[in-house]
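Numbers for residues simply follow the sequence, beginning at 1. This one's a predicted model, so the numbers in the text were calculated from it and none came from an experiment. Side chains are part of it too, since the values below use all heavy atoms of this structure and drop only hydrogens, waters and symmetry mates.
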Amino acid sequence: VDAAGLARARALQAREGGSLGRILTTLGLADEETVAATIAREEKLDHLGADHVEIAADVVSLLPVDFSRKRLIASLSIQGRSLRLAMVDPLDLITIQDVQFRTNKQVLPVVASESAILGLLDREQRTASETKKTFDLLTGVRPLGEVEVATEVEYEVPDPAKLARDT
């Protein structure tokens, strides 16, 4: 990306918002994943590739989806007292502090493209929706009959003499 292209991208970002990586991609100046990988390398942070598919179950509902979409972040995993957080802008200290306050965890930023984060959030939202549908379905089920609980158990004790004769 040359200086003129970067200036155009920054002007568009100031006017319309969005991540610099997405804007550079829209203008055809760079690949979004390449921008994210470059930021990660320069900041000496981990990079979340576009093929990343797993989110730990214990963090799925840690942050509200609307909050995550607005801030372009996605919770990835918890390691002790730390939360690995995919971020388009790992230098966004306001978002990092807000997440730390909400979760009471230290944030470990992981650089990701906007597309990768939105894909993770879409998948998380679909999974939550399917879980809610299943729960609603199960709570709305009415039994076809009644279960009768036996209070006394009747059973016959075999006669040892009879058993001995039969064998």
Side-chain angles (χ1 to χ4, degrees), residues 1 5-143:
V1 178
L6 186 57
R8 270 191 4 226
R10 290 238 184 242
L12 187 59
Q13 183 183 30
R15 203 172 46 240
E16 296 180 13
S19 70
L20 187 59
R22 176 65 67 100
I23 292 169
L24 287 169
T25 302
T26 303
L27 294 175
L29 299 173
D31 174 63
E32 191 177 13
E33 284 303 319
T34 304
V35 172
T38 302
I39 292 170
R41 186 177 60 248
E42 292 300 314
E43 295 298 324
K44 295 176 179 43
L45 296 170
D46 289 340
H47 172 246
L48 179 75
D51 58 347
H52 182 81
V53 294
E54 294 299 317
I55 298 178
D58 57 345
V59 297
V60 168
S61 61
L62 199 56
L63 296 169
V65 175
D66 292 339
F67 172 78
S68 297
R69 275 189 196 287
K70 180 180 177 187
R71 302 292 181 96
L72 293 175
I73 58 173
S75 301
L76 298 174
S77 64
I78 294 176
Q79 298 172 338
R81 300 267 313 129
S82 300
L83 168 67
R84 292 187 71 233
L85 185 69
M87 303 180 71
V88 169
D89 182 2
L91 302 177
D92 183 356
L93 296 179
I94 293 171
T95 296
I96 291 173
Q97 289 174 341
D98 203 1
V99 170
Q100 287 177 177
F101 178 76
R102 287 172 180 257
T103 63
N104 198 27
K105 301 276 184 204
Q106 183 67 34
V107 171
L108 298 173
V110 176
V111 183
S113 67
E114 184 175 341
S115 298
I117 289 176
L118 293 176
L120 287 171
L121 294 175
D122 287 345
R123 195 174 71 237
E124 180 181 321
Q125 201 165 19
R126 277 193 308 274
T127 302
S129 175
E130 290 169 4
T131 302
K132 184 179 180 339
K133 285 179 187 175
T134 303
F135 177 78
D136 291 345
L137 179 68
L138 292 175
T139 57
V141 172
R142 297 247 158 93

[atom1]/[X] to [atom2]/[Y] distance, rounded to the nearest 0.5 angstrom?
| X | Y | atom1 | atom2 | answer |
| --- | --- | --- | --- | --- |
| I78 | Q106 | CD1 | CD | 13.5 Å |
| I23 | Q13 | CD1 | CD | 4.5 Å |
| L6 | L24 | CG | CG | 6.5 Å |
| L76 | L108 | CG | CG | 10.5 Å |
| L85 | L63 | CG | CG | 7.0 Å |

- State which residues pass side-chain hydrogen bond (donor to acceptor under 3.5 Å, both in side chains) with E43; sequence neighbours excluded, sorted by chain then number.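 E43: no side-chain hydrogen bond (donor to acceptor under 3.5 Å, both in side chains) contacts found.
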- How far apart are the C-alpha atoms of V88 and I117, what are their side-chain angles, what is the distance that settles it, and do they pass the side chain to side chain contact (heavy atoms under 4.5 Å, CB included) test? CA-CA 8 Å; V88 169; I117 289 176; 3.7 Å; yes
- Task: Could you walk me through whether V99 and I73 pass side chain to side chain contact (heavy atoms under 4.5 Å, CB included), step by step?
- Result: CA-CA 10 Å; V99 170; I73 58 173; 3.7 Å; yes
- Cationic N near anionic O, under 4.0 Å, R41 to D46: no
Please check this pair: side chain of [X] against backbone of [Y], looking for a donor-acceptor N/O pair closer than 3.5 Å.
| X | Y | result |
| --- | --- | --- |
| E32 | E114 | yes |
| R123 | L118 | no |
| S68 | A74 | no |

- Could you name each residue pair satisfying salt bridge (Lys or Arg N to Asp or Glu O under 4.0 Å) that touches residues 87-109, not counting sequence neighbours?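 As it turns out, the salt bridge (Lys or Arg N to Asp or Glu O under 4.0 Å) pairs with a partner in residues 87-109, which skip direct neighbours, are R71-D98, D98-R102.
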- With no hydrogens and no angle check, do the side chains of S113 and E33 hold a donor and an acceptor under 3.5 Å apart?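 Yes, E33 and S113 have a side-chain donor paired with an acceptor closer than 3.5 Å.
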- side chain to side chain contact (heavy atoms under 4.5 Å, CB included) between T95 and Q100: does it pass, once the steps are laid out? CA-CA 8 Å; T95 296; Q100 287 177 177; over 6 Å; no
- Between V111 and T38, is a side chain to side chain contact (heavy atoms under 4.5 Å, CB included) present by the stated rule, with each step listed? CA-CA 9 Å; V111 183; T38 302; over 6 Å; no
- Kindly indicate whether the side chain of V107, heavy atoms from C-beta on, has any atom under 4.5 Å from the side chain of S82. no
- Query: L83 and S75: which non-hydrogen atoms are nearest, and at how many Å?
  - Reply: CD1-CB, 4.1 Å
- Can you see which heavy atom on A36 is nearest to which on A112, and at what distance?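 Closest heavy-atom pair between A36 and A112: CB-C, 3.9 Å.
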